[in-house]
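For reference, the structure is listed below as structure tokens.
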Amino acid sequence: MKFGIIRERKNPPDLRVVLSPGECQNVLSKFPKAEILVESSPIRVFSDQEYIDNGLQIVQNLEECEVLLGVKEVPINALIPNKKYFFFSHTIKKQPYNRDLLRAILEKNIELYDHEVITNTKGARLVAFGRYAGIVGAYNGFRAFGLKHDLYQLPKAETLVDQQALINELKKIQLPQIKILLTGKGRVGNGAKEMLHAMGLHQVGVTEYLKDDFEYPVYCQIDASEYNKRKDGVRGNKADFFENPEAYESNFFRFAKVTDFYIAGHFYGDGAPYLYTREDAKHPDFKIKVVADISCDIDGPVASTIRPSTIADPVYGYDPIGENETDYKNKDAIAVMAVDNLPCELPRDASVGFGEAFSNYVIPAFFNKDAQGILDRARMTQNGKLTERFAYLQDYVDGKE
């Protein structure tokens, strides 16, 4: 089986890669029948020379490879017909801007495997950049807090080499007696928590957080069962919430009344209540002034997130009264950090972590007849058609919706 690591061609450029030079070596040592070719790239976070130094061959095209590995969408004119491709296609939610991409994949008889749907038998994702989104998002949030309140200046994450460098910068800052709320206990939320823990911040439980005052900064990490409650008053739980989200309403405002800085690292599912609405943000008791929205659902559960921000310009202001964008320095504005491609700011670490998972879960499936069904579940297209699992996309492909 001959694998090819493609050159990322989407703009803005993405420096990440599915397999680092070291991970390529791990794959080749575990699977003697595997070959890996690397398409030359001037932008990849690992240089061509680093791959050469690890015994990999750099090539100008990947025509001879069977399986092509990328991160972002491949431009239509760069797709090679009759290949197996892995990348984030951003089509599974019927994103209009990628309809033509999916059509081209079908026309070119490409087998598409989307990283987002590489799952185990229970549906849990196996490869993701979420942890690094949490790591960078937390850092960017503290940077936004310093900018909003003129307290300190942190360098941009993209100028720092790795997670430890981010931690070293965060350890230098002096925070006032603030309360920090973190939602989510998955990859993203726990990635953010790594940074709070590394800073030496004190974690408190929900009851303490809501009722007590502290002489030092504290944080509280909560999940869906703590910021939602059943409408009928019956005691709910996380499993019930995910099964019946429409039976719940937000219980977030009690946190908004005491929180200075909010880090949104939760997963938001269809039918779930918003955490806080635009009306909530207008309330005199709404205290949050800085939001690091790592989840970045636009006009969604975090009402102040009205657009994504960019690595180049990561912070904007939300005016709760006017419900529009404003200067984040304005006294009544909520400063919003909503960069939607956060792992790109830590491309080396993110690539290493992603590659470890990919070689652990996905590569073996090519050599064990897909014993765990990993490839079967992630295969979106085959023989010029959508697979059964993704047949729901047919009307999207046909332009009917």
Test: salt bridge (charged side-chain N to carboxylate O under 4.0 Å, His left out). Region: [range]. Which pairs qualify, not counting sequence neighbours?
range: residues 304-317; value: Arg307-Glu325
range: residues 3-15; value: Arg9-Glu39, Lys10-Glu73, Asp14-Arg16, Asp14-Lys72
range: residues 164-174; value: Glu169-Lys172

_Check the orientation of Phe252 and Phe255. Use parallel for under 30°, tilted for 30 to 60°, and perpendicular for over 60°._
tilted
*Can you say whether the rings of Phe261 and Phe145 are parallel (under 30°), tilted (30 to 60°) or perpendicular (over 60°)?*
tilted
_Quick test of your reading: applying ring pair (Phe, Tyr, Trp, His ring centres under 6.0 Å), list the pairs with at least one residue in residues 168-202, sequence neighbours left out, ordered by first then second residue._
His202-Tyr216
*Quick one: which residue pairs count as a side chain to side chain donor-acceptor pair (under 3.5 Å) with a foot in residues 130-148, not counting sequence neighbours?*
Arg131-Gln163, Arg131-Glu194, Asn140-Glu345
*Keeping to residues at least two apart or across chains, list the side chain to side chain donor-acceptor pair (under 3.5 Å) pairs with something in residues 357-374.*
Glu23-Ser359
Using side-chain contact (heavy atoms from CB on, under 4.5 Å) as the criterion, list what pairs up with [X], not counting sequence neighbours.
X: Ile298; answer: Cys296, Thr305, Pro308
X: Arg278; answer: Asp299, Ala303, Ile306, Tyr318, Glu323
X: Asn324; answer: Asp319
X: Asp285; answer: Phe253, Lys257, His283

*asked:* Restricting to salt bridge (Lys or Arg N to Asp or Glu O under 4.0 Å), what partner residues turn up for Asp162, sequence neighbours left out?
replied: none
*Set of salt bridge (Lys or Arg N to Asp or Glu O under 4.0 Å) partners for Arg125, sequence neighbours left out*: none
_Within 45° cone and under 6.0 Å: Arg230 NZ/CZ vs Tyr248 ring_ = yes
*Run the salt-bridge test on Lys329 and Asp150 with the 4.0 Å N-O cut-off and return the result as yes or no.*
yes
*asked:* Nearest 0.5 Å, please: how far is OG1 in Thr387 from CD in Glu111?
replied: 9.5 Å
